[in-house]
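Worksheet: one structure, shown below.
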2 protein chains.
Amino acid sequence: MTNTTLKLLAQQLQLSISTVSRALKDHPDISTATKEKVHALANSLDYEPNAYAIQLRTQSSKIFGVIVPAIANLFYDSFIAAIEEESRKNGYALMILQSSNNPENELNNLKIFRQNRVSGVFACLSAHTQNLDVYEKMSDRDIPVVFFDIVPKENKYTKVRMADERCAIIAAENIIQRGAKRVLALFGDPALSISQKRKQAFQQFMEKYAPKTHCTYVHTNSSLEAEAAFNKHIGKTQKFDTVFAMTDEILIGVMKSIQALNIKVPKEIGVISISNGFIPSLYHPNISYVETSGYELGKLAFVQMLANIKGGKTLSELTVDAKFVEGGSM
Amino acid sequence: MTNTTLKLLAQQLQLSISTVSRALKDHPDISTATKEKVHALANSLDYEPNAYAIQLRTQSSKIFGVIVPAIANLFYDSFIAAIEEESRKNGYALMILQSSNNPENELNNLKIFRQNRVSGVFACLSAHTQNLDVYEKMSDRDIPVVFFDIVPKENKYTKVRMADERCAIIAAENIIQRGAKRVLALFGDPALSISQKRKQAFQQFMEKYAPKTHCTYVHTNSSLEAEAAFNKHIGKTQKFDTVFAMTDEILIGVMKSIQALNIKVPKEIGVISISNGFIPSLYHPNISYVETSGYELGKLAFVQMLANIKGGKTLSELTVDAKFVEGGSM
DNA sequence: CCTAAAATTGCAAACGTTTGCGGTAAATTT
DNA sequence: AAATTTACCGCAAACGTTTGCAATTTTAGG
């Protein structure tokens, strides 16, 4: 079945294509009478403009590209959900590609975005991306890029991210308030700037405001490693009264071990983490956490994108603030 | 900076646009010498074909639409991850929209897909969609639709889904094998066909092969409800030796309660669920589950889509098989 | 009534490709 | 050396829109 086009409508109505086009978008040049006729026929013939033709003609696509390490991820999927909502409201659609933390995929994905002349891209750097030339190519094409979560260091880019330092500090505050004496603090991959930032902020704060509290810092790369690390450090004699998990992944490992050893939370040990909120809600008692909302980050990123498109200069880096959510584990 | 086009290349090389076009795609009509020249310039000028122009000209888009109730969902995001992988391999990109279980959004999303002349759409019906006219409109436009997970009843549609009945039966088998005497079986929203199917299959199987086992069937609509229901039925005197959770959502509620009451798994109670696998792995011991892989479903859906596009008639309904994964909770 | 202004509508080019067909020059066959 | 292939390349239309401008009709002012 052949699609309805402007030409077809024009023929049937004995009008020119341009008149039909204008009528459809309520152009003041067109009389009410013709507008009505055109709309009527368009409806009955189920006319739907061809997005490609429009994009070709107007050189703008109403599509945003999104590139994440993985879609199947509690944080990123809520981020995506947020920008999807906003996009729809603003008449944009989303093209989502995953990098799988592989710079080569990242490259190809950006290429697809360029070829589709997306209006903008939301990008989360894959874990070890060094070379940002690819993104330079995007600005050459006048395609705005908003980086989120894992962002480049340079100031010239537009970026939104969690207030990592704040998160760590809020966690530290609560740990101090609990009167913790011995803390086991677990962080992620030390090569990632997010781990560095959180650890540094945490450590500095603890040393400054609770110098007597003894903290042990450990880096782990997965839930399994975290579980093993927790097991090892918890040893036979329960030496720690509080454990801090930098991410959900780490929290999961810790909680596995806590369940296995049947340690009572919060009586025998206090638990606090940085999280989206979903994982902490799975346990009893709920784990207290510092909230980093992918959803909020998405909303913020979208605002930045729109500002960027409208041409207004945007602040180079915005962060979404964190707040503490009491669970019962502290 | 202006984009490189065929025209630009042609001008610089003193060739016609058509020659450049053909050279770029290794058309036999073009001499090796010119091909080399063209490729060289194209590379140095970073030529990237305009997808819209191509799509307009060729009337085919290399984009698939995906419509899910929610992206932020353990099952759907692994489904999406799977088709994204396959799509990339096959030169397609994905446009993902969420319905939020709202038929109105579903309608709008499909409209966007039509306007973008997607090559096909993967659709998961929103929970209470009754009217399938919208999807008829897609076939009018020759856009193939592969339904997944929540699928229409009619045979004329192409669909892939989990083998719901098999899942329930496998769970039942394992419950019987455990020698369960009193089972608490929790199912989801009774209005959904997935709940009906699983419950019916489970019940029939139990009644046939373990008529003496006492089963209590309960429907709940959320984790919270599941938690409350479990609490209520578990009562003071521990009456059940086994609990079956139809979904992750329900399992989460059950486990909350189990942790709170400090019930020992599997000694005091056996736990089994139907799941993707992620949630069951969060607990100690890991919860045994019947695996329903969104990832596998995605792969299968993609095969169906490709078959559909190639024009070969596809089987109306395919299911991905389920398998039992031993956790330690039974 | 005539003319100028206002209200409508149409023409045609442009966006960047692809592709059928026709044209020329070189190579091959008689 | 003439006739026929073969190899290479360009012309131009088409895909479905948008939009500046010109053309036409209607309306209003005198």
Side-chain angles (χ1 to χ4, degrees), chain A residues 1-39 41-42 45-63 91 112 114-119 141-142, chain B residues 1-39 41-42 45-63 91 112 114-119 141-142:
Chain A
M1 189 184 217
T2 156
N3 283 319
T4 310
T5 67
L6 287 184
K7 193 203 243 180
L8 193 88
L9 294 180
Q11 280 170 351
Q12 299 221 4
L13 291 165
Q14 297 283 52
L15 286 171
S16 75
I17 294 182
S18 30
T19 303
V20 175
S21 171
R22 283 190 254 255
L24 250 13
K25 40 176 51 86
D26 256 338
H27 193 287
D29 269 8
I30 307 299
S31 72
T32 328
T34 21
K35 274 184 195 168
E36 277 168 5
K37 274 193 298 186
V38 173
H39 275 115
L41 188 65
L45 257 52
D46 238 354
Y47 170 72
E48 285 180 346
N50 183 318
Y52 296 130
I54 296 177
Q55 285 149 358
L56 179 59
R57 167 67 220 225
T58 62
Q59 305 282 49
S60 92
S61 73
K62 287 289 182 179
I63 292 185
I112 294 180
R114 283 196 305 274
Q115 294 188 355
N116 279 283
R117 305 292 192 272
V118 295
S119 302
R141 297 279 200 289
D142 287 322
Chain B
M1 188 184 211
T2 154
N3 282 320
T4 311
T5 67
L6 286 185
K7 194 203 246 177
L8 193 87
L9 294 179
Q11 280 170 352
Q12 301 220 3
L13 291 166
Q14 297 282 53
L15 286 172
S16 76
I17 295 182
S18 28
T19 303
V20 175
S21 171
R22 282 189 254 253
L24 250 12
K25 39 175 52 87
D26 257 337
H27 193 286
D29 267 9
I30 309 299
S31 72
T32 329
T34 14
K35 275 184 193 167
E36 278 167 5
K37 275 193 298 187
V38 173
H39 274 115
L41 188 66
L45 258 51
D46 236 356
Y47 170 71
E48 284 181 345
N50 183 318
Y52 295 130
I54 296 178
Q55 285 149 358
L56 178 58
R57 169 65 218 223
T58 63
Q59 306 282 45
S60 90
S61 74
K62 288 287 182 181
I63 293 185
I112 293 179
R114 284 196 304 273
Q115 293 189 354
N116 280 284
R117 305 293 193 269
V118 295
S119 302
R141 296 278 200 287
D142 287 322

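Looking at the side chain of A:Tyr47, the nearest of the listed nucleotides D:dC11, C:dT17, D:dT17 is D:dT17. Considering only the side chain of A:Arg22, C:dG10 comes nearest among C:dC21, C:dT17, C:dG10. Between D:dG10, D:dT19, D:dT17, one nucleotide has an atom nearer to the side chain of A:Ile54 than all others, and that is D:dT17. When distances run from any side-chain atom of B:Ser31 to the nucleotides D:dC9, D:dG16, C:dT9, the shortest one goes to D:dC9.
If you take CD of B:Gln11 and P of D:dG10, they are 13 Å apart, rounded to a whole angstrom. Atom pair A:Asn3:CG and D:dA14:P shows a separation of 19 Å (rounding to whole Å applied). Rounded to whole angstrom, the span from the NE2 atom of A:His27 across to the C1' atom of D:dG20 amounts to 10 Å. In this entry the distance linking CD of B:Glu36 with P of D:dC9 reads 12 Å, nearest Å. One can place CG of A:Leu24 at 14 Å from P of D:dT19, the figure rounded to the nearest angstrom. Distance B:Lys35 NZ to D:dC9 P: 10 Å, rounded to the nearest Å. Between A:Leu9 atom CG and C:dT9 atom C1' there is a gap of 16 Å when expressed in whole angstrom units. Remark: P of D:dG10 and CG of B:Asp29 are 12 Å apart, rounded to the nearest angstrom.
Remark: B:Thr34 is not in phosphate contact with D:dC8, judged by side-chain N or O atoms under 4.0 Å from OP1 or OP2. A sub-4.0 Å separation between OP1 or OP2 of C:dG16 and a side-chain N or O of A:Gln55 is absent. Remark: B:Lys7 is in phosphate contact with C:dC15, judged by side-chain N or O atoms under 4.0 Å from OP1 or OP2.
With hydrogens and angles ignored, the 3.5 Å screen pairs no side-chain donor or acceptor of A:Tyr47 with any backbone N or O of A:Thr5. Using modelled atom types, no side-chain atom of A:Lys62 and backbone atom of A:Gln55 make a donor-acceptor pair closer than 3.5 Å.
B:Ser18 comes within 4.0 angstrom of a nucleotide base, judged by non-hydrogen atoms across all strands. Among the protein residues, A:Ser21 comes within range of the nucleic acid bases, having at least one heavy atom under 4.0 Å from a base atom. Counting non-hydrogen atoms under 4.0 angstrom, A:Asn50 reaches the backbone sugars and phosphates but no base. Nucleic acid contact for B:Leu56: base, since at least one base atom lies under 4.0 Å from a heavy atom of the residue. A:Ile17 comes within 4.0 angstrom of a base, heavy atoms only.
Within the 4.5 Å cutoff, no side-chain heavy atoms of B:Asn116 are placed close to those of B:Ile63. Taking the side chain as every heavy atom from C-beta outward, A:Ile54 and B:Gln115 never approach each other to under 4.5 Å. In this structure, A:Asn3 and A:Asn50 have side chains that are not in contact, with every pair of non-hydrogen atoms separated by 4.5 Å or more.
Where B:Thr19 and A:Gln14 each meet DNA chain C at their nearest nucleotide, the meeting point lying more 5' is that of A:Gln14. Both B:Val20 and B:Thr58 lie close to DNA chain D; mapped to their nearest nucleotides by heavy-atom distance, the more 5′-ward contact belongs to B:Val20.
Put simply, the residue from A:Thr19, A:Ile30, A:Leu24 that forms a side chain to side chain contact (heavy atoms under 4.5 Å, CB included) with A:Val38 is A:Leu24.
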